[in-house]
2 protein chains.
Amino acid sequence: MTVPPGRRERKKAATRQKIADAALRLFLERGYEAVGIRDVAAEADVAVTTLFSHFASKEALVFEQDQDFEQRLTQAVTGRAPQEPLLPALRREIQALVRHCTADGAAPIWHMIDTSPTLREYEESMRLRHAESLAVAIAADPVLSLTTTACRTIARFVIDAYALAREAADPEAAVDEIFLMIEAAWEVASPSRRT
Amino acid sequence: MTVPPGRRERKKAATRQKIADAALRLFLERGYEAVGIRDVAAEADVAVTTLFSHFASKEALVFEQDQDFEQRLTQAVTGRAPQEPLLPALRREIQALVRHCTADGAAPIWHMIDTSPTLREYEESMRLRHAESLAVAIAADPVLSLTTTACRTIARFVIDAYALAREAADPEAAVDEIFLMIEAAWEVASPSRRT
DNA sequence: ACCGTAACACTAACGGTTAGGGTTTAAAAA
DNA sequence: TTTTTAAACCCTAACCGTTAGTGTTACGGT
């Protein structure tokens, strides 16, 4: 699966990283809106077109590892221990992700995001994609047999939990509070009763 | 409260409507992406800057009556009969809104929205604003006493219901299905138990 | 050694959006 | 009524994210 990457792929990854680093540095120094794409490209010493071949948009420069987020969520569903119920696994993962993004080192980045309408909007539409992926993962689970609507609903609720917790005064408590509500919703949607 | 509007405000409203009409006509004729802002302005016979003084963005031209939507939601909360429980009132309103936007006449518009990533993204971020307003309305209700997080969670869930139902095969059934789940979540969050 | 192609560069443009600065006219103040 | 204010509108020019078009280099498979 993981063959040793050739020089080409290493160079490509290096370029991508160079761009991401330059972008983050400039954004934190001067503010997101005050930095133009051409500035970032110049700082990273690449052409503007090259930048856009690595990142789909200016906002994507900030959410560089958004695929990690998505994968961790779907992994939490597909890779959980056999017989393990769905929601505790998801709750654990969301809890970890919230902790991760409210850690001290990440504070400046999230402050930048929170004060930029553009970035907040982008983040939300990103979460929506994540919710869709999560819904697919849930729907694919043979143990559960839910309607499509129920899968998508639960997936949205879980993403909501993340979004709301991130902004709450006490993020970890918020995750617990919201997941209590999701568990209740789940019980209604899930046809499998064990009693 | 409603003083007879002066000539000025009437003219302004007329201009706004003229722009919205021109935009919708062109969008439906040639497709959203194929029509430029300059085209719309020319068709409505106004300057581009005038267009942008009435609408904040190109996408906003499509969701012209988005404030109606927001108001109907908050009205459903603040203007419901005394003693009437919250969720049935909200369910009724969402049901009506879903019916409204899946009506036959509206089909071309929603098809346009559904086939344009830009418009879908915009719609979602609009819904998010609606969820915030709804959360505030719920939090302001003296009969209910919920945590801030619970208010925002319920508000998000309700907006999710709308968004998911709009895309479901049977929208009205989807609203019912999702509201069953929300009711369950609500029971957990609401401290007021009546037996 | 050779070819296909992935990665990158450069220029120029497109399209949404805004700044700057001016004219008209409804409406409020004198 | 007359005067003043300011809202609504116009025009031009630009800004900035993004993309198309067109080459050039150099890695990797044959």
K.L.:
Apply salt bridge (Lys or Arg N to Asp or Glu O under 4.0 Å) to A:Glu9 and list each qualifying residue two or more places apart in sequence or on a separate chain.
P.N.:
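With sequence neighbours excluded, A:Glu9 shows a salt bridge (Lys or Arg N to Asp or Glu O under 4.0 Å) to no residue whatsoever.
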K.L.:
Taking the side chain as everything from C-beta on, heavy atoms only, tell me whether A:Val77 gets closer than 4.5 Å to A:Leu73.
P.N.:
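No, every pair of side-chain atoms sits at 4.5 Å or beyond.
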K.L.:
Could you measure the distance from the CD1 atom of A:Ile154 to the CD atom of A:Glu183? Nearest 0.5 Å is fine.
P.N.:
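Rounded to the nearest 0.5 Å, the CD1-CD separation comes out at 9.0 Å.
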K.L.:
Once you apply a heavy-atom cut-off of 4.0 Å, does B:Asp39 come out as touching a base, just sugar-phosphate, or nothing?
P.N.:
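No contact.
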K.L.:
Between B:Leu51 (CG) and D:dC9 (P), how many Å, whole number?
P.N.:
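These atoms are roughly 11 Å apart.
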K.L.:
Which letter, B, S or -, goes with each nucleotide of nucleotides 19-30 of chain D from 5' to 3', with contact meaning a protein heavy atom under 4.0 Å?
P.N.:
BB-----BBS--
K.L.:
What salt bridge (Lys or Arg N to Asp or Glu O under 4.0 Å) pairs are there with at least one residue in residues 140-151 of chain B, not counting sequence neighbours?
P.N.:
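Matches after skipping sequence neighbours: B:Arg80-B:Asp141.
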K.L.:
Return the value, rounded to whole Å, for the distance between atom CG of B:Asp45 and atom P of D:dC10.
P.N.:
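To the nearest whole Å, that distance equals 7 Å.
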K.L.:
When the side chains of residues 125-139 of chain A are checked against the rest of the protein, which donor-acceptor pairs come out under 3.5 Å, sequence neighbours left out?
P.N.:
{"from": "A:Ser125", "atom 1": "OG", "to": "A:Tyr122", "atom 2": "O", "distance (Å)": "3.1"}
{"from": "A:Arg127", "atom 1": "NE", "to": "A:Glu123", "atom 2": "OE2", "distance (Å)": "3.2"}
{"from": "A:Arg127", "atom 1": "NH2", "to": "A:Glu123", "atom 2": "OE2", "distance (Å)": "2.6"}
{"from": "A:Arg127", "atom 1": "NH2", "to": "A:Tyr162", "atom 2": "OH", "distance (Å)": "3.4"}
{"from": "A:Arg129", "atom 1": "NH2", "to": "A:Asp66", "atom 2": "OD1", "distance (Å)": "3.4"}
{"from": "A:His130", "atom 1": "ND1", "to": "A:Glu70", "atom 2": "OE1", "distance (Å)": "3.2"}
{"from": "A:Glu132", "atom 1": "OE1", "to": "A:Arg152", "atom 2": "NH2", "distance (Å)": "3.4"}
{"from": "A:Glu132", "atom 1": "OE2", "to": "A:Arg152", "atom 2": "NH2", "distance (Å)": "2.9"}
{"from": "A:Ser133", "atom 1": "OG", "to": "A:Glu70", "atom 2": "OE2", "distance (Å)": "2.3"}
{"from": "A:Ser133", "atom 1": "OG", "to": "A:Arg129", "atom 2": "O", "distance (Å)": "3.3"}

K.L.:
I'd like to check the side-chain contact (heavy atoms from CB on, under 4.5 Å) partners of B:Gln71; sequence neighbours left out, ordered by chain and number.
P.N.:
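B:Gln71 satisfies side-chain contact (heavy atoms from CB on, under 4.5 Å) with no residue once adjacent residues are dropped.
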K.L.:
Take the C1' atoms of the five end pairs on each side of the helix from C:dA1-D:dT30 to C:dA30-D:dT1, derive the two axes, and give their angle rounded to 10 degrees.
P.N.:
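Computed angle between terminal axes is 30°.
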K.L.:
Can you measure from CZ (B:Phe27) to CG (B:Leu119) and round to the nearest 0.5 angstrom?
P.N.:
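B:Phe27 CZ to B:Leu119 CG: 8.0 Å, rounded to 0.5 Å.
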K.L.:
Once you measure the plane-to-plane angle for B:Phe157 and A:Phe157, does it fall in the parallel (<30°), tilted (30-60°) or perpendicular (>60°) bin?
P.N.:
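Correct class here is parallel.
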K.L.:
Tell me, please, the opening and closing nucleotides of DNA chain C, 5' to 3', among those with an atom under 4.0 angstrom from a non-hydrogen atom of chain A.
P.N.:
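Range of nucleotides touched by chain A: C:dT5 to C:dA13.
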K.L.:
Side-chain atoms of residues 54-61 of chain A: list all donor-acceptor pairs with protein atoms under 3.5 Å, sequence neighbours left out, distances to 0.1 Å.
P.N.:
{"from": "A:Ser57", "atom 1": "OG", "to": "A:Ala60", "atom 2": "N", "distance (Å)": "3.3"}
{"from": "A:Lys58", "atom 1": "NZ", "to": "A:Tyr32", "atom 2": "O", "distance (Å)": "3.2"}
{"from": "A:Lys58", "atom 1": "NZ", "to": "A:Val35", "atom 2": "O", "distance (Å)": "2.9"}

K.L.:
Can you measure A:Lys58 atom NZ to D:dG17 atom P for me and round it to whole angstrom units?
P.N.:
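Those two atoms, NZ and P, are 4 Å apart.
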K.L.:
Near DNA chain D, which residues from residues 15-37 of chain B have a heavy atom under 4.0 Å away?
P.N.:
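Heavy-atom contacts with DNA chain D come from B:Thr15.
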K.L.:
Please list all pairs passing the salt bridge (Lys or Arg N to Asp or Glu O under 4.0 Å) test where one or both residues lie in residues 35-57 of chain A, with sequence neighbours left out.
P.N.:
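For residues 35-57 of chain A: A:Arg25-A:Glu43.
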K.L.:
Cut-off 3.5 Å, no hydrogens considered: what does the side-chain donor-acceptor table look like for residues 172-180 of chain A, sequence neighbours left out?
P.N.:
{"from": "A:Glu172", "atom 1": "OE1", "to": "A:Arg99", "atom 2": "NH1", "distance (Å)": "2.8"}
{"from": "A:Glu172", "atom 1": "OE2", "to": "A:Arg99", "atom 2": "NH1", "distance (Å)": "3.4"}
{"from": "A:Asp176", "atom 1": "OD1", "to": "A:Arg91", "atom 2": "NH1", "distance (Å)": "2.3"}
{"from": "A:Asp176", "atom 1": "OD1", "to": "A:Gln95", "atom 2": "NE2", "distance (Å)": "3.3"}
{"from": "A:Glu177", "atom 1": "OE2", "to": "B:Thr147", "atom 2": "OG1", "distance (Å)": "2.5"}

K.L.:
With DNA chain C as reference, determine whether A:Arg38 or A:Ser53 sits nearer its 5' end, using the nearest nucleotide of each.
P.N.:
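In this pair, the answer is A:Ser53.
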K.L.:
Going by salt bridge (Lys or Arg N to Asp or Glu O under 4.0 Å), name the residues that satisfy it together with B:Arg8, two or more places apart in sequence or in a different chain.
P.N.:
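Per chain and number, B:Arg8 pairs via salt bridge (Lys or Arg N to Asp or Glu O under 4.0 Å) with no residue.
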K.L.:
Would you say the side chain of B:Arg166 lies within less than 4.5 Å of the side chain of B:Pro171, judging by non-hydrogen atoms?
P.N.:
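The answer is no; the side chains never approach within 4.5 Å.
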